Amino acid sequence: MNIERLQQALLNWYKVHKRDLPWRKTTDPYLIWLSEIILQQTRVSQGLPYYLKFSTQFPNVHALANAPQEEVLKAWEGLGYYSRARNLHAAAKEVSHNRDGNFPSSYQGLLELKGVGDYTAAAVASFAYREGVAVVDGNVFRVLSRLFGDATPVNTTQGKKVFKGYAQKLLNKGQPDLHNQAMMELGALQCTPTKPNCRQCPVKDYCSAYAQSAVAQYPVKERKKYNRVRHFFYVYPQYQKQVAVSKRRDNIWKGLFEFPLLEFEEPKEVQEVLESKDFLDLGLRAFQLDTPVKLRAHKLSHQTLHITILPIHFEDKPAAFSHCQWIAKASLKDLAFPRPLRQFLNEKQLNLPFD
DNA sequence: AAACCGGGGAT
DNA sequence: ATCCCAGGTTT
C-alpha cells in the first residue's frame, strides 16, 4: 500500500466534504478540549447545542473553573455521562488555578487531566498543537478494521493496541490535524456502520474489506449483554409552594438532584410500595397521596429504569426528609435533574401552570 | 479484562 | 428491539 497516496486521497476528499463545525475554526486548546469532552460517545448533532451553550456561558477556562459545580451540571443537564461534566470542571480548576490558565502542551501532559484519555489527548494535541499523534475513536476503529481487513475485536485491550498502531502508521506527520479529522469524518460520512458509500470512497482502492466484498463484516466487536432492570419509586413531597429535593451521591446521575427514592429490584405495585418497610420508615404524617405517575421505561445503555412518581401533599410542615432541602417550586427549573425527572417536571408545569 | 456510566437517533 | 455515537474511569 502506498501510504502517501492514501493520505493525499483522504485529504483531498476531506477538503471537499468536511462539515462546517465551530470547533474546527479555532486552535484554542480550551475550546477544542471542551468540544472533545462534549462529543465523547455523543453524536455531533446532539453535542453541538451544548458546545454553543458552554462556549458562550464559559468563554474561557477561568470562567468555567470559577463557576459552581451546580451551574456546570445544569448546563450539562440532559447530555448524559455526567462524570464528564464533573471531570471537565475539575480539569478546568486544575488548569486555571495551578497552571496559570495554560493547558498541558503535549499529548503526554494532556493525559493527566481528569476525563482526558487516549483519544481526547491525541485529539487536542493534534488539533491545537499539530502534534503527530493519531486519534482512534469509534469512526477510526471502523475505517481501519475495514481498510486492513482486521477482525481483531475493536472493543478489547488488544484491539485498542492493534488499531492505534495502524492509525499511527497511517498518520500524515506533516498535517496530523487535518489527517485525524479526515479519518473521523470519513467514518462519520462515508464509511458508516450500515450501508457505507464505498462507491464514492476516496480510499476504496486501498481497502482490504472492499476488495473482498466483506465490508459489512467489519468491525468485529465482542458484545456484552448486560441489562439490569431497576424499579424506582420517587416520593414527590410538596408543602404549599415548596418541594423536597436531594442531591445524588453515587452511581448513576451523581451530582444531579432528585426526590426521596425507594428502589426495588423487582416490580412492585404502588400499594405494595406504600406498605413496604422503606416507605413506612419515612415516618410520614398528615399527607395526601395524589395519583401516581408511571413514566415510560427509561432505557440506558446498560440498564432499564421503571420510574413511578408518588406525589404527596403535606397538610402541615413535615419533620421528615431531614436529608433533603425544601425549595420553592419556582426554582426547580434552575436545578439539574436526570432526564426522566426533568420531563416529568416540565409536563407537570404545563398541566398546573398556576401551581 | 470487565463493568459502569446517559441519552438520542437510525435501522 | 438493537446498535452506535469525536470514550474514560473504576473495579
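Residue numbers begin at 1 in each chain, while the letters A, B, ... track the order of the sequences. Everything quoted here is computed from the prediction, not taken from an experiment.
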Throw together a table of side-chain donor-acceptor distances under 3.5 angstrom for residues 203-216 of chain A, partners on residues two or more places apart or in other chains.
residue	atom	partner	partner atom	Å
A:K204	NZ	A:R199	O	2.9
A:S208	OG	A:Q212	NE2	2.9

Once side-chain hydrogen bond (donor to acceptor under 3.5 Å, both in side chains) is applied, do any residues pair with [X], and if so which ones, sequence neighbours excluded?
X: A:H62; result: A:S96
X: A:N251; result: none
X: A:K195; result: none

Using a strict 4.0 Å threshold on nitrogen-to-oxygen distance, state whether A:R342 and A:E77 make a salt bridge.
->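 Answer for the salt bridge query: yes.
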
Which is the 5'-most and which the 3'-most nucleotide of DNA chain B that has an atom under 4.0 Å from a heavy atom of chain A?
->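 For DNA chain B, the relevant span reads B:dA1 to B:dT11.
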
Those residues of [range] lying under 4.0 Å from DNA chain C by at least one heavy atom:
range: residues 119-144 of chain A; value: A:Y119, A:T120, A:D137, A:G138, A:N139, A:R142
range: residues 145-159 of chain A; value: none
range: residues 248-263 of chain A; value: none

For [X], report the nucleic acid contact type (base, sugar-phosphate, nothing); a contact means any heavy atom under 4.0 Å.
X: A:R339; answer: sugar-phosphate
X: A:G47; answer: nothing
X: A:S83; answer: nothing
X: A:I37; answer: nothing

Test log, rule side chain to side chain contact (heavy atoms under 4.5 Å, CB included), inputs A:L305 and A:L300 = CA-CA 8 Å; A:L305 307 180; A:L300 307 177; 4.2 Å; yes

Just the endpoints, please: which first and last nucleotides of DNA chain C, 5' to 3', lie under 4.0 Å from a heavy atom of chain A?
->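 The footprint of chain A covers C:dC3 to C:dT9.
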
Residues two or more places apart in sequence or in another chain: which of them pass salt bridge (charged side-chain N to carboxylate O under 4.0 Å, His left out) with A:K247?
->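 Salt bridge (charged side-chain N to carboxylate O under 4.0 Å, His left out) list for A:K247, sorted by chain: A:E70.
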
Residues forming a salt bridge (charged side-chain N to carboxylate O under 4.0 Å, His left out) with A:E258, sequence neighbours excluded =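 Listed in chain order: A:R248.
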
Within residues 49-57 of chain A, residues whose heavy atoms come under 4.0 Å of DNA chain B |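 Per residue number, the list is empty: none.
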
So which one's nearest nucleotide on DNA chain C is more toward 5', A:N87 or A:Q46?
->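 The residue closer to the strand's 5' end, by nearest nucleotide, is A:Q46.
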
